[in-house]
Protein chains: 2
Amino acid sequence: MHKEIEILDAFIRSKGLRRTPQRKKILSVFLSTEKHVSTQELHRLVRKKFRNIGYTTVYRTIRILLQSGLCREIDIGDGTSRYEHHYNHRHHDHLICIKCNRLIEVMDPRIERMQEKMAKERGFRPTAHRLEIFGLCRECI
Amino acid sequence: MHKEIEILDAFIRSKGLRRTPQRKKILSVFLSTEKHVSTQELHRLVRKKFRNIGYTTVYRTIRILLQSGLCREIDIGDGTSRYEHHYNHRHHDHLICIKCNRLIEVMDPRIERMQEKMAKERGFRPTAHRLEIFGLCRECI
DNA sequence: GTATTATTGAAAACGATTTTCAATAATTAA
DNA sequence: TTAATTATTGAAAATCGTTTTCAATAATAC
Ligand SMILES: [Zn+2]
Ligand SMILES: [Zn+2]
Ligand SMILES: [Zn+2]
Ligand SMILES: [Zn+2]
């Protein structure tokens, strides 16, 4: 939390924005869950701990967390964006169970390297990627 | 077009649906473009050639093309689904240029195999996947 | 031809996201 | 500390792609 608050404050200062209790509270709740939350879910969690924080403020704070590198957006293809920790969290991809919606985080450096190589061979300079594998998890097979 | 119309008709028969001129026209326009079109874009193309075909009919026909395996849905993460040919088109992934929005189709069997292997090693039974690599294309670097 | 039932298309509903705006609060300068 | 400045808040409304509704129409079966 310490380091993350510092990053947020640095970002806020660098953009001429303002430190507010809401932003600090929303960040603390975001960091307190390891789930991949939507803005609505995050708002619900925030309301549990702190009253009177509006959905719009949560939405806008997530934008700031994205820009400051504290948060990563995930799109599992159901029309709702989800968000997870990004600072100090390694890049990873997701296995998504089509039955129970479980998200399993995976990372294989060999696959990552091959993706990068394939893109470069085609004259493309990759900056980011997203790999999602859909199927059935161990419990749902 | 021949083969695809047959597939559509077979699907329609198998589900107790009805052959309509709209469905045939929409399929023919869909097949006539190699772009990755949204429903709106496809509707615009359809209207150019055939008047009086409503957006909803295009939307619903795309659903049927998806179910019958003639069409594949692509999600490049901008909130709008796009659709491309699926029949007789190999599975592939996409390089997406973040500057000019160009979509480059790519396929590397080694990467595909490694993805499958990685998922299975984690007790997961993969049924589909989506890989998108974002970056700059040759022209935009 | 008639009866049955799917299809069409305009309009409305939907749901997530984004914007608006007046009141409020954080920061800066006096 | 106070006043001035300007970003922030949050409820409500707007937006936008998608999906449903429903009455009129058209495809199929008999
Ligand atoms: Zn599962
Ligand atoms: Zn994750
Ligand atoms: Zn480009
Ligand atoms: Zn493609």
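Labels below follow one simple rule: chain letters A, B, ... track the order of the sequence lines, proteins then strands, and each chain is numbered from 1.
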Scan [X] against the nucleic acid and name what it touches under 4.0 Å (heavy atoms): base, sugar-phosphate only, or nothing.
{"X": "B:R82", "value": "nothing"}
{"X": "A:S38", "value": "nothing"}
{"X": "A:R13", "value": "nothing"}

Using a cut-off of 4.0 Å between protein heavy atoms and nucleotide atoms, how would you tag nucleotides 2-12 of chain D 5' to 3' with B, S and -?
----BBSBBBB
Nearest-Å distance, NZ (B:K24) to P (D:dA26)?
19 Å
Send over the distance from A:Y59 OH to C:dT20 C1', rounded to a whole Å.
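To the nearest whole Å, that distance equals 13 Å.
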Measure all distances between protein nitrogen or oxygen atoms and nitrogen or oxygen atoms of nucleotides 13-15 of chain D, and list the pairs falling under 3.5 Å.
none

Give a yes or no on this: more than 12 heavy atoms of other residues, nucleotides or ligands lie within 6.0 Å of atom CZ of A:R19.
no
When you look at CG of A:D78, are more than 12 heavy atoms from neighbouring residues, nucleotides or ligands closer to it than 6.0 Å?
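Atom CG in A:D78 is crowded, with more than 12 foreign heavy atoms closer than 6.0 Å.
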Contact check, side chains of B:H36 and B:E105, non-hydrogen atoms, under 4.5 Å:
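Yes, their side chains come closer than 4.5 Å.
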Can you tell whether the side chains of B:E139 and B:R102 come within less than 4.0 Å, N to carboxylate O?
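Counted as a salt bridge, because a side-chain N and a carboxylate O are separated by less than 4.0 Å.
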For the pair A:H85 and A:H89, name the ring-plane relationship: parallel under 30°, tilted 30 to 60°, perpendicular over 60°.
perpendicular
